[in-house]
Number of protein chains: 2
Amino acid sequence: MNSEFIIAVHSLVLLAHREDGMASSEEIAANVCTHPARVRKVLGCLRKLGYVSTREGSGGGYRLTCNPTEVTLADVYRAMSAGSLMPNWCSGDPEMDCMVGSSMQDVMNSVFCGAEKQLEAYFSNITIGGMLSNIEQGQLDAAGGRAGPIII
Amino acid sequence: MNSEFIIAVHSLVLLAHREDGMASSEEIAANVCTHPARVRKVLGCLRKLGYVSTREGSGGGYRLTCNPTEVTLADVYRAMSAGSLMPNWCSGDPEMDCMVGSSMQDVMNSVFCGAEKQLEAYFSNITIGGMLSNIEQGQLDAAGGRAGPIII
DNA sequence: TCATACTGTAATAATATCAATTACAGTTGG
DNA sequence: CCAACTGTAATTGATATTATTACAGTATGA
């Protein structure tokens, strides 16, 4: 899995958490624990898909332009990490004489395509808004002394 | 995803394809397209789980000791790659003041644990024997001029 | 209009991960 | 004893990932 997926999800949750839905790349980077340039790259991608808008110049930054309860992790996954489940490394060789060795790349490919569909189906049930309320709920629990593992 | 998963699956399918269920690390490595030492490491792991047995010394090698129609990719995944879905890289920091930044690691963790369960459920429906028959079937199709994408 | 505070983007450097290779001890069959 | 194996660890080399730097472009407001 691509770590840009994590940065994208974290950024969206953070923006959804803000009253005005806004933050600069520097603020987001500090919260995510990475470099502002990396945040700008990831959010630039989310902008092209309409999930955030940006304003350059002084006082600018990023603003959430989607409904957090409608955007799912599947959307983010497709945007940032599609195809990342399959390893880059490949076994076998189509030119090989052996039936097994020559077919393995195709077979693995279809296995991982199916796996990716499963993953997307799972992610499509988790929304940015859902993650945020989970966090807020967890925080309340902690305040009440009833903190426990967070379950989605 | 770990590429050792691919090596393990490929090796098991190859052994299942052999009449006597046997091959040396050198033969397997040639078929998988990697180094024999790497094959030995992976199959050493499968041996501990009882899927293959090994014989050292001259004329030795690996032999399949499981029923290929009973071993699923979920078994292999758990053996070789458990936990590999979650990226090593982590956003946020539990010590942080912000509710979002301090909770994100836990939340991501539960998201990826759920994702891994989904993946295992999918893999549990694919067996080594199933992959092998798929390959043999595909080969027959190709021979009959009806080759197409392999679907599992 | 100028300084300031941002984004966009590319290039580079630092680091971590992954795979290949080498090496050698231990085992077995002939 | 020799030849052909596995088991395992160490090293090297290749690749991927992340951080950092740099700077052009843009908006704001004094």
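Just so it is clear: chains get the letters A, B, ... in the order the sequence lines come, proteins before strands, and each one is counted from 1.
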5'-most contact on DNA chain C: B:R40 or A:E26, nearest heavy atom basis?
A:E26
Below the 4.0 Å mark, does D:dA4 have OP1 or OP2 next to a side-chain nitrogen or oxygen of B:S24?
no
Which whole-number value in Å describes the distance from A:E27 CD to C:dT7 C1'?
14 Å
Among C:dT7, D:dT18, C:dT9, which is the nearest nucleotide to the side chain of A:S25?
C:dT7
Starting at the 5' end of DNA chain D and moving along, which residue's nearest nucleotide shows up first, B:G44 or B:S58?
B:S58
Closer than 3.5 angstrom, by distance alone: can the side chain of B:Q118 be matched with the main-chain N or O of A:L119 as a donor-acceptor pair?
no
Look at the side chain of A:E4 and the backbone N and O of A:S81, then say whether any donor-acceptor pair between them is shorter than 3.5 Å.
no
Do the side-chain N or O atoms of B:T54 get closer than 4.0 angstrom to the phosphate oxygens (OP1, OP2) of D:dG7?
yes
Atom-to-atom span, CG of A:N88 to C1' of C:dA19 - whole angstrom
12 Å
N/O donor-acceptor pair under 3.5 Å between A:T65 side chain and A:Y51 backbone:
yes
Upstream residue (5' side of DNA chain D) when A:A37 and B:E56 are each assigned their closest nucleotide:
B:E56
Euclidean distance, atom CZ of residue B:R55 to atom P of C:dT27 [Å, nearest integer]
16 Å
Side chain proximity check, A:I6 to A:V32, heavy atoms < 4.5 angstrom:
no
Starting at atom CD1 of A:I28, determine the distance to atom P of C:dT7, rounded to an integer number of angstrom.
8 Å
Nearest whole angstrom, please: distance from the P of C:dT27 to the CZ of B:R47.
13 Å
For D:dT17, take OP1 and OP2 only and decide whether either is under 4.0 Å from a side-chain N or O of A:S3.
no
Strictly below 4.0 Å: does B:W89 bring a side-chain N or O up to OP1 or OP2 of D:dA19?
yes
Spacing of A:H35 atom NE2 relative to C:dA13 atom C1', expressed in whole Å
12 Å
Integer-rounded Å distance: D:dA16 C1' and A:R38 CZ
11 Å
Could you give the CD1-to-P distance, from B:I7 to C:dC18, as a whole number of Å?
12 Å
Assess, by modelled atom type and distance only, whether the side chains of A:S103 and A:D106 contain a donor and an acceptor separated by less than 3.5 Å.
no
